[in-house]
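Each ligand, and each atom within it, is numbered from 1 in the order the structure gives. Throughout, numbering of the chain's residues begins at 1 and tracks the sequence. None of these values were measured; they are calculated from a predicted model.
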Amino acid sequence: MENVNLRSGYEIPVVGLGTWDLRGRTCQRAVKEALALGYTHIDTAWYYENQRSIGEALRGVDVDRSALFITSKVWMSHLRYDDALKQCEENVRDLQTEYVDLMLIHWPNDSVPVKETLRAFQETVEAGLAKSIGVSNFSVDQMEEAVAVSDVPISVNQISYSPGSEQRDVLAWCMEKDVVVTSYSPLAKRRILNDPMLAKIGSCLGRSVAQIALKWLIQKGMVVIPKSSSKNHLAENLDVMNWELGQEEMDQIDAMGE
Ligand code: NAP
């Protein structure tokens with residue numbers, strides 16, 4: 001799996017497993033199958049109510065912790081200093097691990113100064129509970145503020161991004177500042193899977209629509225975290241490394257967002 005450098009000095013694998021809506025046994029099975037297929041990156045959050053299941057799955061597999069990249073998130077109701085600190089600890093505890101690789105502010109909350117949350121995140125890093133920190137669903141203005149007030153590098157902004165549903169201003173700002181953008185809902189929660197143009201590109205290249213969308217995002221410089229509980233889809237979503245979309249195909253997909 002290819003990695004992308006983070007401002008923190010660590011690296012993040014380009015493809016990860018999204019786990020929103022995966023719970024209990026289904027979640028454990030999907031995580032175990034993903035790891036067996038070669039996934040090394042798992043995306044979760046306090047809000048997903050599946051961190052204990054993921055922790056159980058991780059305990060049951062023979063994979064070195066240092067070979068894994070785990071992202072967790074602090075919910076927008078817990079952004080006050082004490083609440084954020086506690087939720088960071090809870091996330092790590094529920095995942096039954098010693099640290100997470102990336103802790104994110106899940107959504108901005110205007111009623112709490114971002115500096116206050118980031119102070120708790122800094123303490124979490126200093127305590128060894130998180131390697132890198134970042135944000136999610138932040139606009140350009142919110143990114144400007146977060147980067148300006150944080151003493152620890154903001155490494156990632158995780159945002160919704162898929163063919164035809166872009167946030168070009170945020171992507172451009174982040175790329176210029178070396179903040180990695182992770183695309184969530186990269187398949188637009190299945191909505192793009194019947195798109196005729198993506199299907200045509202896919203059939204020319206012998207690839208599925210999901211693979212075309214993920215490859216487009218990766219070639220634009222993003223990390224992707226498609227969610228799947230199907231073994232076939234998990235395998236398909238990981239097979240996006242040793243082939244390329246040409247400039248013409250990239251342009252055609254770009255045009256979906258215009
Ligand atoms: P998504 O990944 O765009 O789409 C998931 C859907 O696509 C599932 O129904 C899945 O069904 C299907 N699918 C996956 N691979 C497929 C394939 N190769 N072919 C056909 N269908 C496929 O949507 P998402 O779950 O919203 O986003 C992904 C992850 O991003 C989440 O799980 C979560 O970790 C993260 N996220 C973060 C935020 C945030 O605010 N930071 C918000 C939303 C999501 P099967 O299970 O049947 O494969």
Side-chain angles (χ1 to χ4, degrees), residues 12-34 37 39 41-51 53-54 69-79 91 95 100-109 133-139 142-143 154-167 170 174 179-195 198-199 202-203 205-218 222-240:
I12 183 169
V14 165
V15 180
L17 171 67
T19 66
W20 161 244
D21 224 14
L22 290 175
R23 296 220 177 83
R25 291 220 179 114
T26 309
C27 179
Q28 289 191 32
R29 184 186 47 74
V31 169
K32 284 184 182 169
E33 279 177 356
L37 285 165
Y39 281 76
H41 172 182
I42 297 166
D43 181 84
T44 183
W46 178 86
Y47 188 72
Y48 299 174
E49 296 179 344
N50 63 12
Q51 297 193 115
S53 299
I54 292 173
F69 190 101
I70 304 174
T71 300
S72 184
K73 312 184 193 87
V74 171
W75 188 239
M76 60 193 297
S77 57
H78 287 65
L79 299 186
N91 288 344
L95 285 161
V100 297
D101 296 274
L102 180 63
M103 192 76 80
L104 304 180
I105 297 177
H106 202 147
W107 281 90
N109 177 346
I133 65 166
V135 297
S136 179
N137 299 298
F138 272 41
S139 66
Q142 288 162 337
M143 284 305 297
I154 304 290
S155 290
V156 167
N157 187 11
Q158 184 178 121
I159 58 173
S160 164
Y161 213 110
S162 57
S165 179
E166 302 187 47
Q167 299 191 52
V170 182
C174 288
V179 174
V180 170
V181 171
T182 297
S183 145
Y184 78 68
S185 304
L187 309 177
K189 297 184 185 290
R190 288 179 187 249
R191 283 193 304 276
I192 55 160
L193 295 178
N194 293 323
D195 182 86
L198 294 177
S203 79
L205 296 175
R207 296 285 170 183
S208 71
V209 168
Q211 288 177 319
I212 298 298
L214 297 173
K215 191 68 192 181
W216 174 78
L217 291 158
I218 292 169
M222 284 172 262
V223 166
V224 294
I225 48 168
K227 171 259 164 186
S228 182
S229 53
S230 135
K231 198 171 180 180
N232 287 344
H233 291 165
L234 286 169
E236 200 176 292
N237 297 345
L238 199 58
D239 183 14
V240 286

If you draw a 6.0 Å radius around CZ in Arg25, do more than 12 non-hydrogen atoms from other residues or ligands fall strictly inside? no
For atom 24 (P) of ligand 1, grab the closest protein heavy atom and report residue, atom and distance to one decimal in Å. Ser185 OG, 3.7 Å
Nearest 0.5 angstrom please: Ser136 OG to Asn157 CG, how far? 6.5 Å
Within 4.0 Å of some non-hydrogen atom of Ala210, the atoms of ligand 1 are 17 (C), 18 (N), 19 (N)
Would you kindly specify which portion of Ala188 sits under 4.0 Å from ligand 1, judged on non-hydrogen atoms: side chain, backbone, both or neither? backbone
shortest atom 12 (C) of ligand 1-to-protein heavy-atom contact is with Arg190 CG, 3.8 Å
Tyr184 and Asn137: side chain donor to acceptor below 3.5 Å: yes
Here the gap from Glu33 atom CD to Arg29 atom CZ, rounded to the nearest 0.5 Å, amounts to 5.0 Å
Please report the interatomic distance CG(Asp101) to CD1(Ile133), rounded to the nearest 0.5 Å. 14.0 Å
Taking only heavy atoms of His106 into account, list the atoms of ligand 1 that are under 4.0 Å away from them. 39 (C), 40 (O), 41 (N)
Hey, which atoms in ligand 1 end up nearer than 4.0 Å to a heavy atom of Ser228? 14 (C), 45 (P), 46 (O), 48 (O)
Region of Ser229 that comes within reach of ligand 1 [heavy atoms, distance under 4.0 Å]: both
All salt bridge (Lys or Arg N to Asp or Glu O under 4.0 Å) counterparts of Glu166, not counting sequence neighbours: Arg168
Can you tell me how far apart OG (Ser208) and NZ (Lys215) are? Round to the nearest 0.5 Å. 12.5 Å
Distance-only N or O hit between ligand 1 and Pro226, under 3.5 Å: no
Can you confirm whether or not the ring centre of Tyr47 sits under 6.0 Å from the ring centre of His78? no
Purely on distance, is any nitrogen or oxygen of Lys73 under 3.5 Å from one on ligand 1? no
Work out which heavy atom in Met222 is nearest to a heavy atom in Val14; give both atom names and the distance. O-CG1, 4.2 Å
From Thr182 OG1 over to Leu104 CG, what is the distance, rounded to the nearest 0.5 angstrom? 7.5 Å
Do me a favour and list the nearest non-hydrogen protein atom to atom 43 (C) of ligand 1 with residue, atom name and distance? Tyr184 CD1, 3.2 Å
Check whether any side-chain N or O of Asn50 sits under 3.5 Å from a backbone N or O of Ser53 as a donor-acceptor pair, and report yes or no. no
Is it true that a side-chain atom of Asp43 and a backbone atom of Ile225 form a donor plus acceptor pair closer than 3.5 Å? no
Mark the output for Ser208 as yes if a heavy-atom distance to ligand 1 is under 4.0 Å, and as no if none is. no
For Asn237, the ligand 1 atoms whose distance to one of its heavy atoms is below 4.0 Å: 14 (C), 15 (N), 16 (C), 17 (C), 18 (N)
For atom 4 (O) of ligand 1, what is the nearest protein heavy atom, given as residue, atom name and distance? Lys189 CA, 3.5 Å
Region of Glu236 engaging ligand 1 - heavy atom pairs below 4.0 Å: side chain
From His233 atom NE2 to Gln211 atom CD, the distance as rounded to the nearest 0.5 Å: 10.5 Å
Is it the side chain (CB and beyond), the backbone, both or neither of Asn137 that lies under 4.0 Å from ligand 1, heavy atoms counted? side chain
Atom 5 (C) of ligand 1: closest protein heavy atom, distance to 0.1 Å, is Lys227 O, 3.5 Å
For atom 22 (C) of ligand 1, what is the closest protein heavy atom, and at what distance to 0.1 Å? His233 ND1, 3.5 Å
The closest protein heavy-atom partner of atom 3 (O) of ligand 1 is Leu187 N, 2.8 Å
Answer whether the closest heavy-atom distance between the side chains of Val74 and Met103 falls below 4.5 Å. yes
Atom indices of ligand 1 within 4.0 angstrom of Leu193 heavy atoms, with elements: 20 (C), 21 (N)
Check ligand 1 against Tyr48 and write out every atom of the ligand that is under 4.0 Å from a heavy-atom position of the residue. 33 (C), 34 (O), 35 (C), 36 (N), 37 (C), 38 (C)
Hey, which atoms in ligand 1 end up nearer than 4.0 Å to a heavy atom of Trp20? 31 (C), 32 (O), 33 (C), 34 (O)
So if I count the atoms of ligand 1 from 1 in the order they appear, which ones are less than 4.0 Å from some heavy atom of Ile225? 28 (C), 29 (C), 30 (O), 35 (C)
Atom 34 (O) of ligand 1 - nearest protein heavy atom and its distance: Asp43 OD2, 2.7 Å
